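No experiment lies behind these values; they were computed from the predicted model shown. Here is how names work: the chains are called A, B, and so on, in the same order as the sequence lines, proteins then strands, and each is numbered from 1.
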Amino acid sequence: VTVTERYTSAHVDDISPAGTWIPIRRHFDIQAFGVNLWRGDAGDEVIGEHDETSLEHEELYFVVEGHAEFTVGGDSLDAPRGTFVFVRDPRLRRKAVAKEPGTSVLAIGAKAGEAYTPSQWEASAVAFPYFSSGEYERAKEVLAEAHRLQPEHGGVAYNLACAEARLGETEAAIEHLRVALERQPELAELAKTDEDLESIRDDPRFPT
Amino acid sequence: VSGYATATLDDLERLPVDPGEGLMWRPVRRHFGIRAFGANAYTAEKAGDRVVEDHSEATNKHEELYFVASGRATFTVDGDEVDAPAGTFVFVQPDTRRGAVAEEAGTTILVMGGRAGAPFQTSSWEASFAAFAYQRLGDTERALATMREGYEREPDNWAANYNYACMLALHGRRDEALEKLARAVEGNAEAAELARGDEDFASVQDDPRFGEIVG
């Protein structure tokens with residue numbers, strides 16, 4: 001897909017998922033707003049618990065299929081198919097759990113008053129299913145490519161370091177962790193306890 | 001303003017924006033007061049109804065993503081026909097013409113939009129679409145109030161003046177209608193030609209000032 005194309009269409013089943021995530025914005029290369037679809041079975045967290053304090057996005061969720069239970073700011077919200085949940089306040093913690101098989105939730109987000117820029121978590125999120133399945137070599141490949149394209153993103157460098165640490169590639173892991181903490185010093189806190197970094201934590205060069 | 005809000009599709013208003021073609025607008029952004037991106041839904045009551053107006057986004061340069069939430073539609077995009085069963089996304093660049101007709105009763109399409117590289121601004125069509133729909137539904141006070149609200153956000157926009165003039169004329173508020181119409185024509189000469197053929201001005205057509213404004 002390129003932005004010079006006049007239009008593109010695809011059925012949701014034809015867009016490659018990454019675990020529960022169906023990367024809609026990435027698929028179409030949308031530049032004006034964030035949009036993703038999350039699909040899971042009963043009990044799955046289809047919207048992982050998070051807030052939007054770093055990006056300050058307003059978020060609109062729409063339950064496309066199935067039935068979900070949202071928790072927003074501590075309130076439980078029953079959300080059958082056809083329900084919209086709009087979260088204006090970026091500080092509110094929110095998540096959604098599927099109550100039926102094949103539950104899917106569309107999420108749209110952007111920051112009011114600012115031009116949209118694609119979120120850096122997307123680049124990392126492609127690799128998350130590989131971490132879950134233990135395919136660290138594939139996770140490393142995806143993250144190395146993302147890091148090459150977006151060297152300014154601390155989160156991507158951090159996740160690349162995690163994959164390399166899992167693979168026992170100590171030198172590379174330490175170097176990427178150093179870059180990550182330089183870009184995003186608050187990641188140091190996570191690095192102290194992150195299981196993925198266990199193999200390099202005792203190394204004297206481990207950055208803090 | 002509360003931090004979050006919920007609604008179901010059924011809770012959203014059903015506003016007839018083009019009764020001739022059956023286009024039924026379900027305002028999502030307006031309902032929630034979303035400020036960061038555009039979001040709307042359209043529902044077809046029966047097969048053959050229009051679910052996406054035939055248009056381009058050449059003026060406000062919005063990228064638009066359509067999602068068929070239920071039913072089935074046929075899109076016409078850039079002259080191509082695209083079969084779009086439930087679950088289909090269609091992403092359209094601003095200058096491309098697009099529209100869709102429902103193949104099944106109850107087809108609902110979600111539309112998300114925004115301009116790449118620029119902060120989102122609420123489209124001026126929303127207020128006038130809503131106001132004319134309320135007028136058709138007989139809620140005339142709300143129609144006038146909604147139109148005034150839209151006009152007050154953009155008092156220098158010729159289209160906002162024109163639409164407000166239409167609404168004022170429908171309400172028999174002759175002097176104000178003519179004043180807004182004059183401002184619309186000042187802003188864009190094409191408004192004069194539009195007004196000459198616009199039934200909304202029936203109540204003021206016999207006024208000599210109308211002739212002076214529209215030529």
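Heavy-atom neighbours of E13(B) CD from other residues, nucleotides or ligands within 6.0 Å: above the threshold of 12. Counting non-hydrogen atoms of other residues, nucleotides and ligands closer than 6.0 Å to CD of E152(A) gives a total above 12. Counted within 6.0 Å of CD on E45(A), heavy atoms from surrounding residues, nucleotides or ligands total more than 12; the atom is thus considered enclosed. Other residues, nucleotides and ligands contribute at most 12 non-hydrogen atoms within 6.0 Å of the CD atom of E199(B).
Distance check, rounded to the nearest 0.5 Å: CZ of F120(B) to CD of E114(A) gives 15.0 Å. Note: E58(A) CD to R29(B) CZ = 9.5 Å, rounded to the nearest 0.5 Å. Between atom CD of residue Q31(A) and atom CZ of residue R115(B) there is a gap of 14.0 Å, rounded to the nearest 0.5 Å. Rounded to the nearest 0.5 Å, atoms CZ (F86(A)) and NE2 (H31(B)) are 10.5 Å apart. Interatomic distance, CD1 of I24(A) versus CZ of F91(B), reported as 12.0 Å (0.5 Å rounding). Between F89(B) atom CZ and H27(A) atom NE2 the span is 9.5 Å, to the nearest 0.5 Å.
For the options V92(B), T8(B), T96(B), heavy-atom pairs under 4.5 Å to chain A are most numerous at T96(B). Between chain A and the options L65(B), D10(B), D11(B), V82(B), heavy-atom pairs under 4.5 Å are most frequent for L65(B). Contact count against chain B (heavy-atom pairs under 4.5 Å) is highest for V72(A) among V72(A), D14(A), T117(A), V64(A). For the set T108(B), V68(B), V77(B), the entry with the most heavy-atom pairs within less than 4.5 Å of chain A is V77(B). Of the residues considered (I30(A), L92(A), V63(A)), I30(A) shows the highest number of contacts with chain B, using heavy-atom pairs under 4.5 Å. Between chain A and the residues A116(B), G87(B), G114(B), the most heavy-atom pairs under 4.5 angstrom are made by G87(B). By number of non-hydrogen pairs under 4.5 angstrom with chain B, the leading residue of E65(A), H11(A), R91(A) is H11(A).
When ring centroids are compared, F37(B) and F33(A) stay outside the 6.0 Å threshold.
F84(A) is listed as a side-chain neighbour of L110(B), based on a closest heavy-atom distance under 4.5 Å. Taking the side chain as every heavy atom from C-beta outward, L9(B) and F62(A) approach each other to under 4.5 Å. Counting heavy atoms from C-beta on, the side chains of Y7(A) and D80(B) come closer than 4.5 Å.
Of the two parts of V35(A), only the side chain, counted from C-beta on, holds a non-hydrogen atom closer than 4.5 Å to a non-hydrogen atom of chain B. Heavy-atom distances place the backbone of A118(B), and not its side chain, under 4.5 Å from chain A. For L77(A), the part lying under 4.5 angstrom from a heavy atom of chain B is the side chain only. Within the 4.5 angstrom heavy-atom criterion, only backbone atoms of A86(B) (N, CA, C, O) approach chain A. Only the side chain of F67(B) has a heavy atom closer than 4.5 Å to any heavy atom of chain A. Looking at R81(A), the atoms closer than 4.5 Å to chain B (heavy atoms on both sides) all sit in the side chain, from C-beta outward.
Minimum heavy-atom separation, A112(A) to R35(B): CB-CB, 3.7 Å. Closest non-hydrogen pair, A115(A) versus G117(B), comes out as CB-C, 3.4 Å. The heavy-atom pair separating R6(A) from D95(B) by the smallest distance is NH2-O, 4.2 Å.
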